[in-house]
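Naming: A, B, ... by sequence-line order, numbering from 1 per chain. Computed from a predicted model, the values in this text were never measured in an experiment.
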Protein chains: 2
Amino acid sequence: MAHKRDREATRARLLECSRLRFARDGYDGTSVRDVAGDVGVDPALVFRYFGSKSGLFTEAMAGSSAPVVLPDGPVEELPAKLLRQLVFEDWSEYAGEHPLIAMLRSSGHEDTKDRLRQQVCEGYLDVLSQLADGNEDKNLRTELFAAWLLGIGILRTAVGTPTLTKATEEELLPHLAAVAEALFGRPVPTE
Amino acid sequence: MAHKRDREATRARLLECSRLRFARDGYDGTSVRDVAGDVGVDPALVFRYFGSKSGLFTEAMAGSSAPVVLPDGPVEELPAKLLRQLVFEDWSEYAGEHPLIAMLRSSGHEDTKDRLRQQVCEGYLDVLSQLADGNEDKNLRTELFAAWLLGIGILRTAVGTPTLTKATEEELLPHLAAVAEALFGRPVPTE
DNA sequence: CCCTTAAGTCATCGATCGGTGACTTAGACC
DNA sequence: GGTCTAAGTCACCGATCGATGACTTAAGGG
């Protein structure tokens, strides 16, 4: 009675809730009953709509690729933008972590690993590689910088290292500029 | 009759096999029956020795803290040593990944997160912080460098990014030196 | 108003999980 | 060789999981 009978709307709500569960608890830690319970629907409906649990997982992860910065501004501002998005944005909708970091928890499954790689490559490396233009090991430098951003996010949220967890964006920006300059050989403004 | 009745030896074999399982399949993906089967022993024995599954997990992870570089050489060589150990060493005994990276898969459990943090702090940050001596944000710089090393390991093994995965140690060392110098403000020899 | 269609539910299955307690057997010691 | 202790086994419990198929009910059209 709380909701009308709307197949597409129910499907969408299942996907949304499952995304949060999968991100927070991982694939194995999430049960179909949990997700159905969040939506207020019978678990059997999940199998009617998605065939299986892994079908739900695949579709949920496919729809979560949205949050990626588009290269709309000058390339020099990209590192700061990505850092802000990866680390400091409010991901409370995704259980407090960037979806990419959360997805790492399920990287034991080969499907997840493939999607993870695809998302990192298309969403981050393609954009970041502009910064490495003119350098010798362009791709390697790009991936090394992406590794740093990812590592910062992980130390902050998944490990909970003391200093980095409490660091503010303003404290991080100077070091970001220094490392970016060292890797890309060009000045990167902090503002 | 394959093995004699030796409590300590059986305990050790259970720990060793569980370490590999936990690393490769995560906490939830590993069953007590799996581990006992690897050792060729009854699953009930696991509970007799470790009380519970999480007891086995805790003890297994506590015992895997061994692989940490000791600061025996000059501090300038630490980054290269840690990179070699984290990324290029042969971790086939641990399913091909450094235990720390593997442990990230189970970082949904708070116990694992605590142990992970402790291991990163004591095993890596304490050693690395010598490099940041004399700098302003000593701890922050140290954690930022550790984040980079961890991120490199993750991109290589858990994500499988194209260029970094195939990179050799010799290709990475110059960039390691550049970033270390940018973060710590002191030259870091590549050899 | 009724009847069809599809959205959603219910009961249940088989497998697997962590965990427990009673039991069996191997090995050292006298 | 008998006996005692501890290493290891066996049978089983309750809970939970993914999954299936038969069922019920809400909504729209004639």
Side-chain angles (χ1 to χ4, degrees), chain A residues 1-62 105-106 108-112, chain B residues 1-62 103 105-106 108-112 115:
Chain A
M1 204 46 184
H3 294 88
K4 299 185 300 185
R5 289 197 161 192
D6 185 333
R7 180 186 174 98
E8 289 313 312
T10 306
R11 253 186 78 98
R13 284 166 60 220
L14 281 172
L15 284 174
E16 185 186 340
C17 290
S18 73
R19 210 136 44 208
L20 198 149
R21 287 272 186 186
F22 283 134
R24 186 179 50 203
D25 307 321
Y27 182 83
D28 293 316
T30 300
S31 78
V32 173
R33 286 168 170 84
D34 288 336
V35 177
D38 291 343
V39 179
V41 113
D42 193 274
L45 206 61
V46 172
F47 296 97
R48 283 183 75 78
Y49 285 168
F50 304 98
S52 66
K53 180 185 178 180
S54 79
L56 171 69
F57 179 75
T58 299
E59 201 155 334
M61 286 314 179
R105 294 225 178 76
S106 304
H109 295 72
E110 202 57 36
D111 290 353
T112 310
Chain B
M1 44 209 57
H3 294 88
K4 299 184 301 183
R5 289 197 162 192
D6 185 332
R7 178 184 175 98
E8 289 313 313
T10 305
R11 254 186 78 98
R13 284 165 61 219
L14 281 172
L15 284 173
E16 185 186 341
C17 289
S18 73
R19 209 136 46 209
L20 198 148
R21 287 269 187 187
F22 283 134
R24 186 179 52 202
D25 307 322
Y27 183 82
D28 293 317
T30 300
S31 77
V32 173
R33 285 169 170 83
D34 287 336
V35 177
D38 290 344
V39 179
V41 114
D42 193 274
L45 206 61
V46 172
F47 298 97
R48 285 183 74 79
Y49 285 168
F50 304 98
S52 66
K53 180 185 177 180
S54 79
L56 170 69
F57 180 75
T58 299
E59 200 154 334
M61 287 313 179
M103 222 185 296
R105 294 225 177 75
S106 306
H109 294 71
E110 203 57 34
D111 291 352
T112 310
R115 179 159 300 281

>> I want to check one thing: is the phosphate of C/dA7, taken as OP1 and OP2, less than 4.0 Å away from some side-chain N or O of A/T10?
In response: no

> What residues form a side chain to side chain contact (heavy atoms under 4.5 Å, CB included) with B/F50, not counting sequence neighbours?
Replying inline: B/R11, B/L14, B/L15, B/V46, B/L56, B/E59

> Tell me, which pairs form a salt bridge (charged side-chain N to carboxylate O under 4.0 Å, His left out) where one or both residues lie in residues 39-51 of chain A, sequence neighbours left out?
Replying inline: none

> Which letter, B, S or -, goes with each nucleotide of nucleotides 13-26 of chain D from 5' to 3', with contact meaning a protein heavy atom under 4.0 Å?
Replying inline: ----BBBBB---BS

Between [N] atom [atom2] and [X] atom [atom1], what is the distance in whole Å?
| X | N | atom1 | atom2 | result |
| --- | --- | --- | --- | --- |
| A/Y49 | C/dA6 | OH | P | 12 Å |
| B/L14 | C/dG18 | CG | P | 14 Å |
| B/E8 | D/dG8 | CD | C1' | 15 Å |
| A/R7 | D/dA27 | CZ | C1' | 16 Å |

>> Taking salt bridge (Lys or Arg N to Asp or Glu O under 4.0 Å) as the definition, give me every residue that meets it alongside B/R24, ordered by chain and number, with sequence neighbours left out.
In response: none

> Touch check for A/F50, heavy atoms < 4.0 angstrom, all strands: base, sugar-phosphate only, or nothing?
Replying inline: nothing

> Among all residues two or more places apart in sequence or in another chain, which pass the side-chain hydrogen bond (donor to acceptor under 3.5 Å, both in side chains) test with A/S31?
Replying inline: A/D34

> So, for B/V39 and B/C17, which heavy atoms are closest and what is the spacing to 0.1 Å?
Replying inline: CG2-SG, 3.8 Å

> In chain order, what residues pass the ring-ring contact (aromatic ring centres under 6.0 Å, His included) check against A/F57, with sequence neighbours excluded?
Replying inline: A/F22, A/Y27

